[in-house]
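None of the values given here were measured: they were computed from a predicted structure. In this chain, residues are counted from 1 in sequence order. Read the numbers this way: they start at 1 and go in the same order the structure lists the ligands and their atoms.
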Amino acid sequence: MARRFCARARFAIKAAVDLPIQAQCEPPDDDRWFARMKASGIDTLGMHLEVVTPALRERIMPGKASVPLSRYMEAFESAVAVFGRGQVSTYILAGLGDSAEAILTMSRELIELGVYPFVVPFVPISGTPLEDHPAPTPEFMKSVLQPLGGMLNAAAMRSSDIKAGCGKCGACSSLSSYEE
Ligand code: SF4
């Protein structure tokens with residue numbers, strides 16, 4: 001059912017505009033879904049960690065934390081084998097409590113797997129449970145994005161090479177400006 005829906009959505013989009021498409025999902029029950037998604041015309045994949053410290057994951061997003069980080073890492077490896085190095089990305093929200101070191105350590109592992117870590121500053125939105133949670137300071141963001149840009153450079157992994165999705169768009173983070 002999901003596969004047919006995905007394929008129909010992809011065909012409808014491609015009929016209207018011939019643009020590359022990113023799909024976003026949680027790690028599936030069966031990694032064969034990645035090949036099915038690719039075969040249906042999806043160009044890139046986003047599987048979003050959001051938060052990387054286990055205790056913080058459990059506190060701030062208990063539903064997502066029911067999927068362990070180890071399962072994300074397995075799924076990332078399988079997805080990169082299908083979509084290609086740099087064509088799988090993950091959103092990491094800086095400012096929710098992860099230390100800069102934790103984000104950078106995870107980012108290093110992700111880059112080694114071929115996953116682009118799209119680190120974005122958390123922005124509080126009124127009317128949501130985290131509306132009073134402060135956004136990260138510019139200094140904190142720089143302490144993450146500057147070394148991360150260096151890691152991406154060293155790995156020759158660039159947002160401009162991503163075919164579609166948030167890493168390609170880049171509007172929610174200044175990360176790409178540190179890649180040069
Ligand atoms: S504006 Fe761009 S980076 Fe931000 S969520 Fe939308 S596609 Fe992703």
Report the C-alpha separation of D31 and R71 in whole Å, then their side-chain angles, then the decisive distance to 0.1 Å, and conclude whether the salt bridge (Lys or Arg N to Asp or Glu O under 4.0 Å) test is met. CA-CA 11 Å; D31 285 353; R71 172 63 194 128; 2.5 Å; yes
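- When side chains are defined from C-beta on, L113 counts as touching M73, because their heavy atoms get closer than 4.5 Å.
- For a distance bound of 2.8 Å, the N, O or S atoms of C166 include none lying that close to atom 2 (Fe) of ligand 1.
- Nearest protein neighbour of atom 2 (Fe) of ligand 1, counting heavy atoms only, is C169 SG, 2.3 Å.
- Note on V120: it clusters hydrophobically with L130, by side-chain heavy-atom contacts below 4.5 Å among ILVMFWY residues.
- Regarding atom 4 (Fe) of ligand 1, its nearest protein heavy-atom neighbour is C172 SG, 2.3 Å.
- Within the 3.5 Å criterion, the main-chain N or O of S159 finds a donor-acceptor partner in the side chain of E179.
- Closest protein heavy atom to atom 5 (S) of ligand 1: Y91 OH, 3.6 Å.
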